[in-house]
Amino acid sequence: MTEEEKHELFEEINELTDICNEYCPLTQSSSLVVEAVKPAVTEMIKFIVKDKNEIEKLLQFLETSDFYTAPASTKFHGDFKGGLACHTFMVIRQSLIFAQPMLSNFFTSPEAENYTVTAKDIFLCALCHDFCKTNFYEIEYRNAKDLNGNWIKKPFYKTKSESRNLGHGNESVLIMLKIMPSLIDNRPVLEAVSRHMGFSDLSESESYNYSVILQNPLVLLLQTADQTAAQWFNF
């Protein structure tokens with residue numbers, strides 16, 4: 001990347017960070033106001049995605065799917081209504097926080113000449129990485145006792161029995177490409193979303209050349225953002 005491209009990258013990261021902070025649903029106690037996630041995500045999309053058709057299709061997908069009400073998991077991080085949106089926001093936030101120090105270091109490496117990174121790439125990786133979890137869960141009920149010892153029907157999330165999935169990261173890539181087919185040749189973004197789970201989501205054949213995938217700075221950036229959002233903030 002040229003120095004001018006790097007300057008533009010970091011400038012747009014800073015502007016996205018400003019929007020993120022302005023609309024930030026994260027409270028001082030590190031809890032999230034679920035209802036505040038939507039305007040934060042919407043404003044960032046409108047800023048960084050320049051194609052009006054892609055903006056419209058992205059916003060339509062987020063609105064018509066259960067993105068803003070689905071959990072992020074059935075029993076781990078974000079296992080509550082709106083958990084997916086909260087987790088996604090935190091991954092966006094963590095990506096923006098780590099982007100400058102990680103990429104500044106990456107640009108000093110021999111691999112730097114093989115990659116061009118944009119703020120839009122970073123944002124879309126974070127936004128789309130768990131699209132596979134939309135329309136994926138449903139609520140069922142089991143018998144449980146309340147605090148008074150009375151039997152009640154307690155709701156819980158489970159995976160829909162009819163759900164079809166090409167694999168955690170790959171399913172998200174498929175959904176992302178349906179919304180934004182222009183990304184079909186953006187291999188760094190596709191690799192980052194596909195491989196954001198690291199070794200835990202790889203078949204034996206996929207792990208064969210995984211070290212090559214790790215040369216892609218977006219892969220490591222997204223993995224770091226995803227893990228810290230879940231492990232440090234429980235989102």
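The two residues A85 and V37 make their nearest non-hydrogen contact at O-CG1, 3.5 Å. Shown here for G82 and V34, the closest heavy-atom pair between the two residues is CA-CG1, 3.9 Å. Of all non-hydrogen atoms in N170 and S194, the two that sit nearest each other are OD1-OG, 2.7 Å. Between K178 and P181, the closest heavy-atom pair is O-CD, 4.0 Å. Counting all heavy atoms, side chain and backbone alike, S65 lies closest to N135 at CB-ND2, 3.8 Å. Residue L218 comes nearest to C125 through the heavy atom pair CD1-SG, 4.2 Å, listed as atom of the first residue, atom of the second, then distance.
At least one side-chain heavy atom of L96 sits less than 4.5 Å from a side-chain heavy atom of C20. Taking 4.5 Å as the limit, some side-chain heavy atom of L103 sits within range of a side-chain heavy atom of L9. Contact of the H87 side chain with the D226 side chain is registered, since non-hydrogen atoms from C-beta on lie closer than 4.5 Å. Side-chain contact check for L177 versus L190: some heavy-atom pair is nearer than 4.5 Å. Using a 4.5 Å heavy-atom cutoff, the side chains of Q100 and I13 are in contact. Looking only at side-chain heavy atoms (C-beta outward), L127 and I45 come within less than 4.5 Å of each other. Contact of the E12 side chain with the I122 side chain is not registered, since no non-hydrogen atoms from C-beta on lie closer than 4.5 Å. A 4.5 Å side-chain heavy-atom check between M180 and V49 finds every atom pair outside the cut-off.
By the 30° and 60° cut-offs, the orientation of the rings of W232 relative to F98 is perpendicular.
If you chain together hydrophobic residues whose side chains sit under 4.5 Å apart, L222 and M102 never meet in one group. Hydrophobic cluster membership differs between V91 and L220, with clusters built from Ile, Leu, Val, Met, Phe, Trp and Tyr side chains linked at under 4.5 angstrom. Criterion: ILVMFWY side-chain heavy atoms under 4.5 Å apart, direct or through other members. Under it, V212 and Y115 are not part of a common hydrophobic cluster. Residues M90 and V33 are members of separate hydrophobic clusters, defined by side-chain heavy-atom contacts under 4.5 angstrom among Ile, Leu, Val, Met, Phe, Trp and Tyr. F67 and Y23 fall within a single hydrophobic cluster, where Ile, Leu, Val, Met, Phe, Trp and Tyr are joined by side-chain heavy atoms under 4.5 Å apart, directly or via other members.
One distance of note links OG1 of T224 with CD1 of I97; it measures 12.5 Å at 0.5 Å rounding. Taking CD1 of I179 as the start and CG of L124 as the end, the distance is 10.0 Å to the nearest 0.5 Å. Distance check: K120 NZ to N186 CG gives 8.5 Å after rounding to the nearest 0.5 Å. For the atom pair F107 CZ and E113 CD, the distance stands at 13.0 Å (nearest 0.5 Å). From H7, atom NE2 reaches atom OG1 of T2 across 11.0 Å, with rounding to the nearest 0.5 Å. Taking CD1 of I92 as the reference point, atom OG1 of T17 lies at 11.0 Å (rounded to 0.5 Å).
With K133 contributing its side chain and A72 its backbone, the two residues share a donor-acceptor pair below 3.5 Å. A donor-acceptor pair is defined here as one N or O able to donate and one able to accept, closer than 3.5 Å; such a pair exists between the side chain of Q223 and the backbone of R195. Without hydrogens or angle criteria, H196 side chain to V193 main chain gives a donor-acceptor distance under 3.5 Å. Between the side chain of D79 and the backbone N or O of S73 there is no donor-acceptor pair closer than 3.5 Å. Side chain of N105 to main chain of P101: no donor-acceptor pair is present (N/O by atom type, distance under 3.5 Å, no hydrogens or angles).
Aromatic ring centres of F47 and F123: separated by at least 6.0 Å.
Salt bridge absent: E54 and K57 never bring a charged side-chain N and a carboxylate O closer than 4.0 Å. Of the charged side-chain nitrogens involved, at least one lies within less than 4.0 Å of a carboxylate oxygen, so that E63 and K38 count as a salt-bridged pair. Salt-bridge check for E191 with R187: passed, with a basic side-chain N closer than 4.0 Å to an acidic carboxylate O.
Judged by a 6.0 Å distance limit and a 45° cone about the ring axis, R93 is not positioned over the six-membered ring of F235.
Within 6.0 Å of atom NZ in K50, more than 12 heavy atoms from other residues, nucleotides or ligands are found, so the atom counts as buried in its surroundings. Other residues, nucleotides and ligands contribute at most 12 non-hydrogen atoms within 6.0 Å of the CD atom of E8.
The closest side-chain donor-acceptor pair between T118 and D121 falls under 3.5 angstrom.
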Could you give me the CA-CA distance, side-chain angles and deciding distance for D66 and T134, then say whether side chain to side chain donor-acceptor pair (under 3.5 Å) is met?
CA-CA 6 Å; D66 62 354; T134 56; 5.0 Å; no

